[in-house]
Amino acid sequence: MAQLDRAGQAMKLESFTLERMRHPKRILTVSVPVKMDDGSIKVFEGYRIQHNMDRGPAKGGIRYHPQVSLDEVKALAFWMTMKCAVVNLPYGGAKGGVICDPKKMSKGELERMTRRYTAEISIIIGPEKDIPAPDVNTNEQVMAWMMDTYSMTVGYACPGVVTGKPIEIGGSLGRREATGRGVFYVTRELAAREGFDLSKSSVAIQGFGNVGSNAASIFAEHGAKVVGIADVSGGLYDPKGLDLRDVMEYRKTRESVSGYPKAEHVPVDKFVEIPCDVLIPAAMENSITRANADKVKARYIVEGANGPTSNEADAILQKRGIQVVPDILANAGGVTVSYFEWVQDMQSYFWSEDEINARLRHIIVGAFTEVYDLAKKEKVDMRMAAFMVGLGRIGKAVSIRGMYP
Ligand code: NAD
């Protein structure tokens, strides 16, 4: 809300639009009873929040995590509205989550929880209304269960109800890597505009899940030196550059990268302080805060995660001259290819991977250029500029549609 108010005031946004943006359109809280493997019944709490649908159907991921809360889902849904507007996709924003610890659940328990959660939220989701996707601790398999459950309730195969699905049931080529690829395109563009050589730069990536591991591979493929990676159990650092293929091989048979023997080990809470040119937080919210923003050594931060920089940290980084490419631009590659997946599903006509990556590059580079140029013109940071671009589009849609009734 602080980010919204700052941008709203700077661009003198109509108070009507600002007020609309402060309040999610629809909040659904559901109880999700699940028969556990030991025969007991456990009731989980789940949410689906549609923040805004003025520019099209709502879009946003589903998170499974013990720390999911209504407030967190609200913030994430708001960021989805902004993100879709910044890259100009014809979508509003939504987010969903279930309070659970998927690491402690069996595959059967996860499937039953996903199916019941989907049935409970099926009253508001649908390919023309609200299209979920993966987020933290949800993946292609979870999306397949959601697609199947929704299809069973409507009585026909409905691939367009979720994105991030397996290819075999209407998923898109390139979706798995899309967020990491978008992070790379944004960073390459930043390097070109700021005049630094990415192939001579060191990159550190916090989070080794969908976003972080794919980003790491794509940066390495393009010759950047990935000096640090981390997951929830610990971080690795090698100033000469990590051998990512070897790390991936090591990770194949393990839960975490943290025991990898051929690099220096870094505690999770110190990872953002390692020496590097570009830091990519790609784990959870608030990893850069008032407590460590002074210690960040990177010259640039490209936000792969949603909300990794707190408001106070943002101010400290700005004062220190560290440039931040904000989440709603930097990690928009995922929702962009999700949009392509949905378009392909609606047309039942599928594109090649080259075509998908070329269209992704076009959209992400276009959005980056618009935000970067506006930041320079208005002498504001890129987060403010991204908010101004997004809010401008949403404001126009809200005002053209007018107020019902
Ligand atoms: P994921 O569950 O696949 O991976 C999360 C990773 O973060 C895991 O490796 C986990 O071990 C690690 N992690 C968690 N806490 C950590 C900590 N304190 N320190 C270091 N590592 C930690 O999730 P994901 O899909 O990769 O999402 C990561 C972030 O990117 C989230 O903020 C998500 O909202 C955002 N995001 C994801 C997508 C997408 O397409 N998946 C798109 C846009 C934004």
Side-chain angles (χ1 to χ4, degrees), residues 59-68 72-73 75-80 82-84 86-87 89 93 95-97 101-103 132-143 162-165 171-172 174-183 186 204-217 228-237 247-248 251 254-258 265-274 279-289 292 302-309 326-341 360 364:
K59 187 90 190 80
I62 306 280
R63 180 173 291 196
Y64 289 170
H65 198 276
Q67 261 110 48
V68 162
E72 181 190 59
V73 182
L76 291 165
F78 163 74
W79 280 321
M80 283 308 299
M82 295 304 306
K83 194 183 298 182
C84 292
V86 171
V87 287
L89 304 178
K95 204 82 182 188
D101 190 349
K103 302 257 163 21
D135 190 70
V136 174
N137 290 328
T138 56
N139 54 21
E140 291 180 14
Q141 178 61 74
V142 172
M143 293 305 114
V162 290
T163 58
K165 299 177 293 293
S172 176
R175 174 62 184 89
R176 198 175 293 162
E177 303 80 13
T179 310
R181 194 175 293 284
V183 169
V186 158
I205 303 175
Q206 179 197 43
F208 208 63
N210 175 279
V211 182
S213 69
N214 282 302
S217 301
I229 55 170
D231 62 26
V232 69
S233 307
L236 305 173
Y237 174 63
V247 177
M248 297 281 190
R251 168 80 169 70
R254 291 165 182 87
E255 282 283 297
S256 166
V257 294
S258 61
H265 289 229
V266 186
V268 170
D269 57 346
K270 295 276 178 260
F271 185 79
V272 300
E273 300 168 22
I274 65 174
L279 173 66
I280 301 176
M284 302 294 286
E285 294 92 274
N286 292 326
S287 59
I288 306 170
T289 64
N292 58 15
V302 181
E303 295 184 332
N306 287 311
T309 312
D327 44 11
I328 54 173
L329 170 64
N331 69 36
V335 71
T336 302
V337 177
S338 270
Y339 165 61
F340 298 161
E341 179 175 332
L360 170 64
I364 292 291

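Note that this is a predicted model, so its numbers are computed, not measured. Indexing begins at 1, ligand by ligand and atom by atom, following the structure's order.
- Put simply, part of Arg175 is less than 4.0 Å from ligand 1, judged by heavy atoms.
- Residue Asn306 places at least one N or O, backbone or side chain, under 3.5 Å from an N or O of ligand 1.
- Ile205 and Ala215 make their closest contact through CD1-C, 4.0 Å (heavy atoms, listed as atom of the first residue, atom of the second, distance).
- An N or O contact shorter than 3.5 Å links Val211 to ligand 1 by distance.
- Close contacts between ligand 1 and Met284 involve ligand atoms 14 (C), 15 (N) [criterion: under 4.0 Å to a heavy atom].
- Considering backbone and side-chain N/O atoms, Val232 comes within less than 3.5 Å of an N/O atom of ligand 1.
- In this structure, Val136 and Ala283 approach most closely via the heavy-atom pair CG2-O, 4.4 Å.
- When non-hydrogen atoms are compared, ligand 1 lies under 4.0 Å from the backbone of Ala282 (N, CA, C, O) but not from its side chain.
- Screening Ile280, Val211, Asn306 for a side-chain contact (heavy atoms from CB on, under 4.5 Å) involving Asn331 leaves a single residue, Asn306.
- When hydrogens are left out, the protein atom nearest atom 41 (N) of ligand 1 is Asn210 OD1, 3.5 Å; that is the closest non-hydrogen contact.
- Remark: minimum distance from atom 17 (C) of ligand 1 to any protein heavy atom is reached at Val268 CG1, 3.8 Å.
- The pair Lys103-Glu255 does not meet the salt-bridge criterion, since no charged nitrogen lies less than 4.0 angstrom from a carboxylate oxygen.
- For the residue pair Ser287 and Gln206, the shortest heavy atom distance occurs at OG-OE1, 3.0 Å.
- Of all non-hydrogen atoms in Ala230 and Gly235, the two that sit nearest each other are CB-CA, 3.6 Å.
- Across every non-hydrogen atom of Ser213 and Met248, the tightest pair is O-CE, 3.7 Å.
- Looking only at heavy atoms of the protein, atom 40 (O) of ligand 1 is closest to Thr179 OG1, 2.8 Å.
- Among all non-hydrogen protein atoms, the one lying nearest atom 23 (O) of ligand 1 is Val136 CA, 3.6 Å.
- Set against the non-hydrogen atoms of Asn137, the atoms of ligand 1 under 4.0 Å away are 2 (O).
- Note: Met80 CE to Met82 CE = 12.0 Å, rounded to the nearest 0.5 Å.
- Scanning all protein heavy atoms for the shortest distance to atom 20 (C) of ligand 1 gives Asp231 O, 3.3 Å.
- For atom 9 (O) of ligand 1, the closest non-hydrogen atom of the protein is Phe208 N, 3.0 Å.
- Ligand 1 has an N or O atom lying under 3.5 Å from an N or O atom of Gly209, backbone or side chain.
- In this structure, Phe271 CZ and Asn292 CG are separated by 12.5 Å, a value rounded to the nearest 0.5 Å.
- Considering backbone and side-chain atoms together, Gly212 places no N or O closer than 3.5 Å to any N or O of ligand 1.
- Across Glu341 and Arg175, no two heavy atoms sit closer than the pair OE1-CG, 3.8 Å.
- Two residues are said to be in side-chain contact when any heavy atoms from C-beta on lie closer than 4.5 Å; Tyr64 and Val142 meet this criterion.
- Residue-ligand proximity, Gln206 to ligand 1, at heavy-atom distances under 4.0 Å covers atoms 19 (N), 20 (C).
- Below 4.0 Å from some heavy atom of Arg63 lie the following atoms of ligand 1, by number and element: 31 (C), 32 (O), 33 (C), 34 (O).
- Atoms of ligand 1 found under 4.0 Å from any heavy atom of Gly304 (numbered from 1 in listed order, with element): 30 (O), 35 (C), 44 (C).
- A 6.0 Å sphere centred on CZ of Arg251 holds more than 12 heavy atoms belonging to other residues, nucleotides or ligands.
- Near Ala305, meaning under 4.0 Å from any of its heavy atoms, are these atoms of ligand 1: 29 (C), 30 (O), 32 (O), 35 (C).
- Atom 33 (C) of ligand 1 has as its closest protein heavy atom Asp135 OD1, 3.2 Å.
- A donor-acceptor contact closer than 3.5 angstrom is absent between the side chains of Thr138 and Arg63.
- Residue Ala283 has at least one heavy-atom neighbour below 4.0 Å for each of these atoms of ligand 1: 7 (O), 13 (N), 16 (C), 21 (N), 22 (C), 28 (C), 29 (C), 31 (C), 32 (O).
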